[in-house]
Protein chains: 2
Amino acid sequence: MDGQPAQDPATAARREVGLLLRRLTVELDAVSSRFALAHGLNRTDVRALVAVMDAARRGEALSAGGLGAAVDLRSASVTALVDRLERVGHLRRVRDPGDRRRVTLEMSESATAAGAEHFGGLARDLVEAMRDYSDDEIAVVARFLTDMTEVAARHARAAE
Amino acid sequence: MDGQPAQDPATAARREVGLLLRRLTVELDAVSSRFALAHGLNRTDVRALVAVMDAARRGEALSAGGLGAAVDLRSASVTALVDRLERVGHLRRVRDPGDRRRVTLEMSESATAAGAEHFGGLARDLVEAMRDYSDDEIAVVARFLTDMTEVAARHARAAE
DNA sequence: GGCGATAGTCTCGATCTTCGAGAGATCAGG
DNA sequence: CCTGATCTCTCGAAGATCGAGACTATCGCC
């Protein structure tokens, strides 16, 4: 994430936090890899399933187009992707009754269970590990994550 | 990251932090996507360049095999990957003089500059945003990231 | 100091993924 | 109703990944 000149200790500590953050993302990515390996899926397919799970968690039904936006694939690739996931029984296509051009995607019971098992277990253990922190500390962490997300989002979308 | 039953406020706050963490990883991923788009690379290629950069930052020279381990590709795919990146001038193959079976990978000046511009800018702004936090708060965050990484690593590698 | 076993990379052909272009169906607004 | 826009799908081409096997270099052992 960097490799800059040495500076004062305060800056060094903050730069170190940047590296810790990067290391964490690497490990979280590895958790997904493991899920992929366990279920014979590729990276994209896992990203797609997670996107559908995320949408489901917040009560939205994801459409094919929405999935494409989430995983950054063109429509032809989304069709192929959903074909794959439907073929192995992880996803169902359901025509949207409100707009019959759309296809909404639903996870199968088995895929939901597998996802809950794998990622739910991680979430549980993360929450468990957070019990070592006071409520004030958790509040600091929440603020930190929000702020860093804001910075990252700015870099992700806008010009430099 | 979950979708569990409602519980006490303390648990809810910690679960919320899990979601914030996930949102942050999504945005950080989007930063990579933007780099990919800007340079006509695919996801894997960016991951590979970042792996080489990371290795360089900590003073190690990454070999072809090491890169394969880092991005989880078989040797044939690594050859193709390095071919691509070498063809567009981002990478150089250098025969390791110490072990002439190995090929070590070096980033070109232009790729190094592009990486520094893109990811270095992010790192700079992240560190900048961290100035809103006291040293004690940064220490809490560092501990938090370390602990979460440990949990994630356990899930990434071992049995459940 | 030579010989077999091992390790690191590459080549080749097969398979899987992604894409652009365009077709077909559905919707929204006049 | 038309017309233009939106959503998904089909098709064929290009790109990415892989397993098997070749080739070279190294290491351990005698």
Side-chain angles (χ1 to χ4, degrees), chain A residues 29 32-52 55 60-106, chain B residues 29 32-52 55 60-106:
Chain A
D29 195 71
S32 288
S33 286
R34 194 164 113 81
F35 184 79
L37 182 65
H39 293 85
L41 301 171
N42 60 35
R43 281 184 114 57
T44 301
D45 294 3
V46 174
R47 272 164 52 89
L49 281 180
V50 170
V52 176
E60 306 167 9
L62 200 58
S63 69
L67 177 59
V71 300
D72 194 33
L73 285 181
R74 310 302 131 234
S75 106
S77 310
V78 173
T79 298
L81 163 63
V82 174
D83 282 350
R84 289 197 296 276
L85 291 176
E86 196 172 34
R87 192 172 332 118
V88 297
H90 288 337
L91 236 48
R92 267 188 308 274
R93 272 186 241 245
V94 179
R95 204 99 228 169
D96 182 342
D99 181 345
R100 298 178 27 72
R101 290 169 303 180
R102 290 176 180 243
V103 166
T104 65
L105 305 170
E106 294 179 359
Chain B
D29 195 72
S32 288
S33 285
R34 193 163 114 81
F35 184 78
L37 181 64
H39 293 85
L41 301 171
N42 62 36
R43 281 187 116 57
T44 301
D45 293 4
V46 174
R47 271 163 54 87
L49 282 180
V50 169
V52 175
E60 305 167 9
L62 200 59
S63 69
L67 177 59
V71 300
D72 193 34
L73 286 181
R74 309 304 130 232
S75 111
S77 309
V78 173
T79 298
L81 163 62
V82 175
D83 282 350
R84 289 198 295 275
L85 291 176
E86 197 172 33
R87 192 175 329 120
V88 297
H90 289 335
L91 235 50
R92 266 188 307 274
R93 272 184 240 245
V94 180
R95 204 98 227 167
D96 183 341
D99 181 344
R100 299 178 26 71
R101 290 168 303 181
R102 290 175 180 240
V103 166
T104 65
L105 305 170
E106 294 179 0

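Every chain is numbered from 1, with letters handed out A, B, ... down the list of sequences. Keep in mind that the numbers below use all heavy atoms, side chains included, and drop hydrogens, waters and symmetry copies.
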message = Looking at B:Arg92 and B:Glu86, is there a salt bridge between them, counting it only when a charged N and a carboxylate O are closer than 4.0 Å?
response = no
key: From A:Asp72 atom CG to A:Leu67 atom CG, the distance as rounded to the nearest 0.5 Å   = 11.0 Å
message = Taking A:Arg47 first and then A:Asp29, would you say they form a salt bridge - that is, a charged N and a carboxylate O separated by under 4.0 Å?
response = no
task = Go through A:Ser33 and A:Arg43 one step at a time and tell me if the side-chain hydrogen bond (donor to acceptor under 3.5 Å, both in side chains) criterion holds.
result = CA-CA 7 Å; A:Ser33 286; A:Arg43 281 184 114 57; 3.3 Å; yes
message = Over the length of the helix from C:dG1-D:dC30 to C:dG30-D:dC1, how much do the five-pair end axes diverge, rounded to 10 degrees?
response = 40°
query = Shortest non-hydrogen contact from B:Leu81 to B:Ala48?
reply = CD2-CB, 3.8 Å
key: Qualifying residue for side-chain contact (heavy atoms from CB on, under 4.5 Å) with A:Leu49, from A:Val71, A:Leu105, A:Leu41   = A:Leu41
note = In this structure, CG of B:Leu85 is separated from CG of B:Asp45 (nearest 0.5 Å) by 4.5 Å
inquiry  = Please give me the minimum heavy-atom distance between A:Thr79 and A:Arg93, naming the atom from each residue.
reply    = O-NH2, 3.9 Å
query = First and last nucleotide of DNA chain C touching chain A, 5' to 3', heavy-atom cut-off 4.0 Å?
reply = C:dT17 to C:dC27
remark   = Sorted by chain and number, sequence neighbours left out, side-chain hydrogen bond (donor to acceptor under 3.5 Å, both in side chains) with A:Arg101 holds for A:Asp99
query = So which of residues 61-71 of chain B are in contact with DNA chain D, with a heavy-atom cut-off of under 4.0 Å?
reply = none
B:Ser77 versus B:Leu73, closest heavy-atom pair with distance = CB-CB, 4.0 Å
key: Backbone N/O of A:Val103 and side chain of A:Arg95: donor-acceptor pair under 3.5 Å   = no
key: Of residues 85-105 of chain A, the positions that come close to DNA chain C - non-hydrogen atoms, cut-off under 4.0 Å   = A:Asp99, A:Arg100, A:Arg101
query = Has the side chain of B:Thr104 got a donor or acceptor atom that lies under 3.5 Å from a matching backbone atom of B:Val94?
reply = yes
ask   = Are the side chains of A:Asn42 and A:Arg84 in touch, meaning some heavy atoms are under 4.5 Å apart?
value = yes
request  = Determine, for nucleotides 11-21 of chain D in 5'-to-3' order, which nucleotides have protein heavy atoms under 4.0 Å from the base (write B), from only the sugar-phosphate (write S), or from neither (write -).
outcome  = B----SBBB--
key: Minimum-distance pair of heavy atoms, taken over all atoms of A:Val78 and A:Gly68   = CG2-CA, 3.4 Å
